[in-house]
Colleague: 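The structure under discussion is supplied below as structure tokens; questions concerning it will follow.
Sequential numbering from 1 along the given sequence is applied to the chain's residues.
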Amino acid sequence: NNYEEVHIVGTLPKNPTGDIVGMVYNPALDPNYFEFQLKDSLNRTEKVLYFQAKPQDFERSEKIVVIGKAKKNVFIASKILMK
């Protein structure tokens with residue numbers, strides 16, 4: 001399993017009212033499970049899983065960089081950087 005770690009830069013998809021879509025975080029249920037969608041520069045939407053707490057101010061960031069590994073139809077992030 002030596003997939004290279006890759007970086008994906010993207011934005012959070014929002015619905016017409018400006019709410020972020022596809023974000024799942026329920027700290028009472030599991031504080032170390034965070035799932036969200038990331039729209040990359042080619043307008044493709046990736047599902048991202050992050051097995052840690054949701055970063056503070058995540059929703060407010062303009063750009064998100066995820067570092068991790070792509071599995072079949074999901075991206076497992078080891079790190080999330082916000083700009």
Colleague: Has Tyr25 got a side-chain atom pairing as donor or acceptor with Pro31's backbone, closer than 3.5 angstrom?
Modeller: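 A pair under 3.5 Å: yes.
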
Colleague: Between Leu12 and Ile64, is any pair of side-chain heavy atoms under 4.5 Å apart?
Modeller: yes

Colleague: Just checking, is any N or O donor in the side chain of Ser78 or Glu5 under 3.5 Å from an acceptor N or O on the other one?
Modeller: yes

Colleague: If I take atom CD1 from residue Ile80 and atom CZ from residue Phe58, how far apart are they, to the nearest 0.5 angstrom?
Modeller: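 If we round to the nearest 0.5 Å, Ile80:CD1 and Phe58:CZ are 5.5 Å apart.
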
Colleague: Closest heavy-atom contact between Thr45 and Pro13?
Modeller: CG2-CG, 4.5 Å

Colleague: Hey, are the side chains of Met82 and Lys63 touching, using non-hydrogen atoms and a 4.5 Å cut-off?
Modeller: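 The answer is no; the side chains never approach within 4.5 Å.
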
Colleague: Are Leu81 and Ile8 in one and the same hydrophobic cluster, where Ile, Leu, Val, Met, Phe, Trp and Tyr link if side-chain heavy atoms are under 4.5 Å apart?
Modeller: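 No, because Leu81 and Ile8 fall into different hydrophobic clusters, even though each may have its own neighbours under 4.5 Å.
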
Colleague: Test of understanding: clusters of I, L, V, M, F, W, Y form through side-chain heavy atoms closer than 4.5 Å, transitively. Do Tyr50 and Val74 belong to the same one?
Modeller: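 Unlinked, Tyr50 and Val74 end up in two clusters.
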
Colleague: Measuring from atom OH of Tyr33 to atom CD of Gln52, what distance do you get when rounded to the nearest 0.5 angstrom?
Modeller: 14.5 Å

Colleague: Donor-acceptor pair, Asn15 side chain versus Gly18 backbone, under 3.5 Å?
Modeller: yes

Colleague: Do Phe36 and Val65 share a hydrophobic cluster (ILVMFWY, side-chain heavy atoms under 4.5 Å, transitive)?
Modeller: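 Different clusters.
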
Colleague: In this structure, which one of Val21, Asp19, Ile20 forms a side-chain contact (heavy atoms from CB on, under 4.5 Å) with Lys14?
Modeller: Ile20

Colleague: Compare every heavy atom of Met23 with every heavy atom of Phe34, then report the nearest pair and how far apart it is.
Modeller: CE1-CG, 3.5 Å

Colleague: Is Lys54 salt-bridged to Glu59, going by a charged N under 4.0 Å from an acidic O?
Modeller: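 A salt bridge is present here (some side-chain N lies under 4.0 Å from a carboxylate O).
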
Colleague: Between CD1 of Ile76 and NZ of Lys69, what distance do you get to the nearest 0.5 Å?
Modeller: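 It comes to 10.5 Å.
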
Colleague: Val24 and Val48: same hydrophobic cluster, using ILVMFWY side-chain contacts below 4.5 Å?
Modeller: no

Colleague: Phe75 and Glu46: which non-hydrogen atoms are nearest, and at how many Å?
Modeller: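 What the structure gives for the nearest pair is CB-OE1, 4.3 Å.
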
